[in-house]
Amino acid sequence: MNNWDVVDENGMCSAERDCEDAYRVCKKLDIPFHQVSYIKEYWHDVFSNFLNEYERGRTPNPDILCNRHIKFNYLLSYAIDNLGADGIATGHYARTSQDEEEAFQQKYIPNPPSLFRNRFEVRNDVRLLQAADRIKDQTFFLSQISQYALRKTIFPIGGLTKDFVKKMAAEAGFHHVLQRKESMGICFIGERNFENFILEYLEPQPGNFVSIEDGRIMGRHQGWFLYTLGQRARIGGQRDAWFVVDKDVSTATVYVAPCTNHPALFRDLLRTDRVHWLSEDPPPELIENKMMDCYFRFQHQMALVPCVLTLNQDGTVWVTLAKPLRALTPGQFAVFYKDEECLGSGKIMRLGPSQYTLQQGREKMKSAASVTTEPVKEKDPVS
């Protein structure tokens with residue numbers, strides 16, 4: 001599957017290298033090799049969204065959208081409709097609740113036309129489960145795929161550890177694959193400088209770096225979309241480290257704070273867009289009680305954090321965290337877990353107040369209270 005048509009900085013097209021590696025594996029296993037291009041679809045469904053999100057001041061996750069729109073949509077359909085396959089197998093570290101044989105017997109079931117399914121309809125949904133190797137678990141990236149795709153997919157290495165898979169690959173003679181570096185970061189950017197890359201597609205939008213504490217202008221930048229919350233802001237003429245804590249797209253202002261763990265970076269409340277549940281409906285407990293305890297993460301390898309979900313009528317949720325987290329970021333996906341199951345995800349759209357804002361509010365209330373409790377001096381009576 002080729003999604004991106006560009007030569008990287010070293011003049012080497014990584015897509016051609018990927019293709020060659022896959023071809024050598026197929027030849028060794030004596031299975032057919034097929035190649036399909038989704039460059040146009042990737043641009044329309046993933047990359048255009050990537051640029052739009054940055055322009056709106058958010059930080060997108062194209063890998064999650066690629067799985068949803070390309071790999072587990074177009075590629076799955078190609079395998080079934082063009083190649084006559086019963087399903088697909090991928091190398092993701094993940095598991096499902098169905099046996100492998102069941103995946104090849106699943107029939108197509110259309111999505112419900114309304115927000116929630118008929119409560120009397122009985123369907124045995126396939127659940128997405130975390131991998132045996134929790135460090136390499138990739139359910140985070142699969143949290144937006146459809147129930148149909150989940151039914152038609154098997155994850156053969158989901159019950160194995162990465163070290164064991166490497167050992168199997170070595171014994172099978174796939175040394176050319178073992179020598180490859182692990183893919184990190186955004187696939188189509190690779191090792192290129194992010195600022196240089198994004199400025200090829202978005203016009204510079206100069207603005208100010210402003211201190212969140214006293215409103216001082218600390219320096220200038222070329223665009224709010226070059227920065228994400230929690231990132232170190234390299235400000236010309238400033239010796240000390242400053243970190244991005246907020247952005248105002250309307251004024252092109254990037255707010256910064258003077259330390260990496262500044263309270264302006266910590267929040268414990270967020271709201272998502274309409275959540276994509278892998279079972280297509282919210283969990284029964286959430287529908288019944290409108291609230292539910294579960295676990296949350298918004299980055300692939302971060303530790304799961306306890307939270308409470310509050311379901312809104314439009315399918316969005318408020319997420320109240322058990323403790324404030326650093327650099328919650330609009331545009332990223334809030335992915336939800338219960339026990340070992342990945343329930344689904346929603347894009348972070350709004351953040352609650354930061355610990356710094358709450359701290360300032362408490363101080364104002366305290367000073368206002370001290371003024372009102374001071375004894376009022378009585379005026380001398382007029383003689």
Side-chain angles (χ1 to χ4, degrees), residues 1-3 18-19 21-38 41-42 45-46 63-112 117 121-133 136-162 164-165 168-169 172 174 177 183 187 276-281 335 340-345:
M1 181 177 75
N2 183 21
N3 298 333
D18 294 342
C19 183
D21 285 345
Y23 174 74
R24 288 172 67 183
V25 169
C26 289
K27 195 171 182 182
K28 192 166 183 65
L29 293 175
D30 193 27
I31 60 176
F33 174 76
H34 299 275
Q35 186 176 9
V36 62
S37 173
Y38 292 120
E41 291 84 352
Y42 190 90
D45 293 335
V46 180
D63 294 330
I64 288 179
L65 293 183
C66 177
N67 280 329
R68 174 178 178 163
H69 295 293
I70 311 297
K71 189 173 292 179
F72 291 89
N73 181 24
Y74 294 118
L75 184 68
L76 174 63
S77 297
Y78 178 83
I80 292 172
D81 300 337
N82 293 58
L83 303 180
D86 294 308
I88 61 173
T90 80
H92 289 93
Y93 283 88
R95 298 176 298 130
T96 69
S97 59
Q98 71 179 350
D99 296 325
E100 289 191 1
E101 287 302 314
E102 289 180 283
F104 303 134
Q105 298 162 4
Q106 293 282 1
K107 299 290 188 289
Y108 174 73
I109 302 173
N111 287 334
R117 279 205 307 253
E121 180 185 0
V122 177
R123 281 172 59 170
N124 187 23
D125 290 323
V126 174
R127 296 180 299 133
L128 178 64
L129 307 175
Q130 288 181 282
D133 189 335
K136 291 296 178 184
D137 174 64
Q138 291 176 304
T139 52
F140 178 87
F141 297 111
L142 302 172
S143 61
Q144 284 273 315
I145 69 173
S146 68
Q147 174 65 203
Y148 172 69
L150 206 53
R151 288 173 178 274
K152 302 296 268 181
T153 303
I154 60 174
F155 303 109
I157 65 173
L160 309 175
T161 64
K162 179 89 171 189
F164 190 76
V165 172
M168 289 174 67
F174 297 129
V177 179
S183 57
C187 53
H276 172 83
W277 302 104
L278 288 162
S279 64
E280 296 178 348
D281 283 346
V335 183
E340 61 178 356
E341 181 181 0
C342 177
L343 301 173
S345 63

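Since the model is a prediction, treat every value here as computed from it, not as a measurement.
Within the 4.5 Å cutoff, the side chain of Cys342 has heavy atoms near those of the Val335 side chain. In this structure, the side chains of Asn2 and Cys19 stay at 4.5 Å or more apart for every pair of heavy atoms. Annotation: side chain of Tyr42 is in contact with side chain of Val46 (closest heavy-atom distance under 4.5 Å).
The main-chain N or O of Tyr74 is found under 3.5 Å from a side-chain atom of Tyr38 such that the two form a donor-acceptor pair. A donor-acceptor pair is defined here as one N or O able to donate and one able to accept, closer than 3.5 Å; no such pair exists between the side chain of His92 and the backbone of Gly158. For Lys152 (side chain) and Ile88 (main-chain N/O), no donor-acceptor pair under 3.5 Å exists by modelled atom type. Judged purely by atom type and a 3.5 angstrom limit, Ser143 uses its side chain to pair as donor or acceptor with the backbone of Phe140. Checking side-chain atoms of Asp137 against main-chain N and O of Ala131 turns up a donor-acceptor pair under 3.5 Å. Listed for the Gln147 side chain is no donor-acceptor partner under 3.5 Å among the backbone atoms of Asp125.
Summarising the geometry, atom CG belonging to Asn3 is positioned 10.0 Å from atom CG belonging to Asp18; distances are rounded to the nearest 0.5 Å. Note that NZ of Lys162 is 7.0 Å distant from CD1 of Ile157, once rounded to the nearest 0.5 Å. Taken from CG in Leu75 to CD1 in Ile80, the straight-line distance is 10.0 Å, to the nearest 0.5 Å. Between the CG atom of Leu343 and the CH2 atom of Trp277 there is a distance of 6.0 Å, given to the nearest 0.5 Å. Atoms CD and NE2, on Glu41 and His69 in that order, are 12.5 Å from each other to the nearest 0.5 Å. Rounding to the nearest 0.5 Å gives a distance of 7.0 Å between CZ of Arg151 and CG of Asn124.
Residue Phe164 places its CZ atom among 12 or fewer non-hydrogen atoms of other residues, nucleotides or ligands, all under 6.0 Å distant.
Using cut-offs of 30° and 60° on the angle between ring planes, the pair Phe72 and Phe155 is tilted.
Residues Ala94 and Leu142 share a closest heavy-atom pair of CB-CD1, 3.7 Å. Considering every non-hydrogen atom in both Thr153 and Ala149, the closest pair reads OG1-O, 2.6 Å. In plain terms, the two heavy atoms of Phe141 and Asn67 that are nearest each other are O-ND2, 2.9 Å.
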Check against side-chain contact (heavy atoms from CB on, under 4.5 Å), Ile145 and Leu150: CA-CA 7 Å; Ile145 69 173; Leu150 206 53; 3.8 Å; yes
From CA spacing to verdict: side-chain contact (heavy atoms from CB on, under 4.5 Å), Met168, Leu160: CA-CA 10 Å; Met168 289 174 67; Leu160 309 175; 4.0 Å; yes
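With sequence neighbours excluded, the residues forming a salt bridge (Lys or Arg N to Asp or Glu O under 4.0 Å) with Arg127 are Glu341, listed by chain and number. For Glu340, the salt bridge (Lys or Arg N to Asp or Glu O under 4.0 Å) partners at least two apart in sequence or on another chain are Arg95, Arg134.
With hydrogens and angles left out, the side-chain atoms of Ser345 and Gln144 include a donor and acceptor closer than 3.5 Å.
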